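Remarks on the structure that follows.
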2 protein chains.
Amino acid sequence: MTGERRRATAVDVARLAGVSQSAVSRCFTEGASVSAETRSRVLEAARRLSYRPNAIARSLTTRRTNLIGVVMGDLDGPFQPYLFETLTRGLASRGKQPLLVRGDPADALDGTAMAALDYQVDAVVVTAGSVSPAAIRGLMALGVPLLLYGRAVEADGVDSICCDNPLGARLVAQALVAAGHRRIAYLGGRPTAFSEQERGSAFRAALAELGMPLAAVGEGDYSYDSGHREALRLLAGPDRPDALFCGNDAMAFGALDAARTALGLRVPDELSIVGFDDVPMAGWPSFSLTTIRNPVEDIVATLLDMLERRLADPDAPPVLNRPAPVLVRRGSARL
Amino acid sequence: MTGERRRATAVDVARLAGVSQSAVSRCFTEGASVSAETRSRVLEAARRLSYRPNAIARSLTTRRTNLIGVVMGDLDGPFQPYLFETLTRGLASRGKQPLLVRGDPADALDGTAMAALDYQVDAVVVTAGSVSPAAIRGLMALGVPLLLYGRAVEADGVDSICCDNPLGARLVAQALVAAGHRRIAYLGGRPTAFSEQERGSAFRAALAELGMPLAAVGEGDYSYDSGHREALRLLAGPDRPDALFCGNDAMAFGALDAARTALGLRVPDELSIVGFDDVPMAGWPSFSLTTIRNPVEDIVATLLDMLERRLADPDAPPVLNRPAPVLVRRGSARL
DNA sequence: AGCGCCGTTGCATGCGTATGCAAAGCCGCT
DNA sequence: AGCGGCTTTGCATACGCATGCAACGGCGCT
């Protein structure tokens, strides 16, 4: 009952229960035809042998692994772990196993990363915002259903869901201008990232529509350090901005630290800082970050629905979903 | 070449290359006997069909999946993602795939969680410090090599690696006393966690040895919120402590925020705060947390070595590893 | 020329499970 | 009693690959 060298198989259970291997299999298959008596005999035998069906062998015949490839970049910032946590919990609750595919630093997917896909994942969810279009095409060529998070793509057989970045950027622009800010700066994330492209251009466009020039622009990479560095640069000059919109929360934290600790600025009196994502940390008193809430929980729930629908019908028309973000007012901006 | 409904198999490649399926298999097996000419013909055919061996089918015969079960709790705090990131990168670099097993809130491992193990993982790495001993025994009964991180266990066939918590706690006690603190408080983490038991008792013992009473004790759960809450309680009374040692960094952040923002205390002048772990965030200027460095990178490297050794020889005697932590002096403590 | 050896190759089989098919049982109905 | 229909069961096979075994061929050697 304890440390047998080999795990029990369906054949072992069948022998003990005095039935055929097929009967055992049917007891563990939803909706199969087994009599109540056989089932209980089999389950009892299975219990005694600590038998559990071999998912590997099962998937060989069913052509379903219940493994979902999850393409992620680093878990560095506060956002990715939050998303990953939510996503993996959701997958588990629907009986699916996430299989991690790490994007490499160059945003490509090398052999090591692709190795995970050799496990015959039923679908692939891409959450790394920076995976190159070429890599995406490579995934599509696999013939596996593909779900893109964090980028909006119109392509055959690819579903995507992505927070309405332009709306979020517009909300910030309007709120900042309405509150009387006049020297508004923007600190962008990694320029190759889809979200950056949308947020940056929408923010510029919204300000232009309001007749407000953009006072200064910085280029970060979504990391705390880059936010710190760029904020120092942007806020050092003579015509210091009175508001700074950052492409994500991590950079906003860096900017906040730079402004308060390194430059001795009072936030939000002398400088308003706004982030994007609303990670859990944004609510911590030391930050109290005013930011745009990226509705991760809703997004993941929707994403899982899209996934199930796609698995049920691989030929259904592709879906594009753009949930709306919302402005969360806290203490880092005078709004 | 693009969206074929079914992926190519070794038989397809064999047909195209004019060889047997065995030959194809040998081309993808390390150290198998194939002539140079056959190999190139096969590889060319494989390339044209985008063939990659089916890891599922392969593992059925080799009895090796290269899947490693990774038992984790929540990815809430800053530490777990850091550890997970390091661990999964390390596994990938050694050709292993992490398969996530989520511990449920009650620290047990329910059916959903165990489902991951049906994928015939080669080994299980437990990183959740709060998984109950009963659950650990359940894992052992699976007959799968088990590696425990974050707890020290002496048991047959179980390797474990765990930062030397008592040493870390002693370092803090000595440094605080040496720096002249006289009212030292301790804020512990989840009492059921192994690390909490070691850190708490070693801290008490070390203070006692130095003839220093413990001024106050709080009980948190390793979360930021609990650190915030307990700090408010501990620091509100009349005889306010002049030093607070927290069971991990997350609680220290919460305590720091409570002390500075809610209570208006000057840190470290009026209160020294020390954490444990040294997560990346501890170095951020807004925290600048003095803490004990839990050498995660080294630990993971060692853990991976232990894993490979265990896989090579399941009957080798169990190993217990206790890497030494180190005190990192930053700005949150007067030391 | 004949022998033996080694590097290659294909054949056949097994890994653990799911499932189509047919056989077997069972029931109620006429 | 006989029949049709339904449920339950076992048999056989397939899933995609790795691998032991035997067959084959070429080579160097005597």
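Quantities reported herein were computed from a predicted structural model and do not represent experimental measurements.
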Residues passing the salt bridge (Lys or Arg N to Asp or Glu O under 4.0 Å) test with B/Asp122, sequence neighbours excluded, are none

The complete set of salt bridge (Lys or Arg N to Asp or Glu O under 4.0 Å) pairs with one or both residues in residues 18-31 of chain B, sequence neighbours excluded, reads none

Students should find that the end-to-end axis angle of the helix from C/dA1-D/dT30 to C/dT30-D/dA1, with five pairs defining each axis and rounding to 10 degrees, is 40°

Worksheet item: Between A/Arg41 and A/Glu44, is there a salt bridge with N-O shorter than 4.0 Å?
Response: no

Taken to the nearest whole Å, CG/B/Asp118 to P/C/dG16 is 15 Å

State whether A/Ser33 places a side-chain N or O below 4.0 Å from either non-bridging phosphate oxygen (OP1 or OP2) of D/dT8. yes

**Q.** A/Tyr119 and B/Tyr119: CA distance, side-chain angles, deciding distance, ring pair (Phe, Tyr, Trp, His ring centres under 6.0 Å) verdict
**A.** CA-CA 11 Å; A/Tyr119 288 84; B/Tyr119 288 85; 9.4 Å; no

Requested in this report: Kindly indicate, with the supporting measurements, whether the criterion ring pair (Phe, Tyr, Trp, His ring centres under 6.0 Å) is fulfilled by A/Tyr51 and A/Phe28.
Outcome: CA-CA 11 Å; A/Tyr51 169 78; A/Phe28 289 92; 5.4 Å; yes

Next item on the list: Kindly check if the number of other-residue, nucleotide or ligand heavy atoms within 6.0 Å of CZ (B/Arg322) is above 12?
Entry: yes

Exercise for review: Salt-bridge test for A/Arg7 and A/Asp12: reply yes if a basic N is under 4.0 Å from a carboxylate O, no otherwise.
Suggested key: no

Under 4.0 Å between a Lys/Arg side-chain N and an Asp/Glu carboxylate O for A/Arg94 and A/Asp305? yes

Tabulated below should be each protein N or O lying under 3.5 Å from an N or O of nucleotides 25-27 of chain C; please produce it.
none

Whether each nucleotide of nucleotides 15-25 of chain D has a protein heavy atom under 4.0 Å at its base (B), only at its sugar-phosphate (S) or at neither (-) is summarised, 5' to 3', as BBBBBB-----

Rounded to whole Å, the CD1-C1' distance (B/Ile56 to D/dA14) equals 17 Å

Sorted by chain and residue number, the side-chain hydrogen bond (donor to acceptor under 3.5 Å, both in side chains) partners of A/Thr88 (sequence neighbours excluded) come out as B/Arg102

Rounded to whole Å, CZ of A/Arg41 lies from C1' of D/dT9 at a distance of 12 Å

Result for side-chain contact (heavy atoms from CB on, under 4.5 Å) between A/Leu117 and one of A/Leu67, A/Val124, A/Val71 points to A/Val124

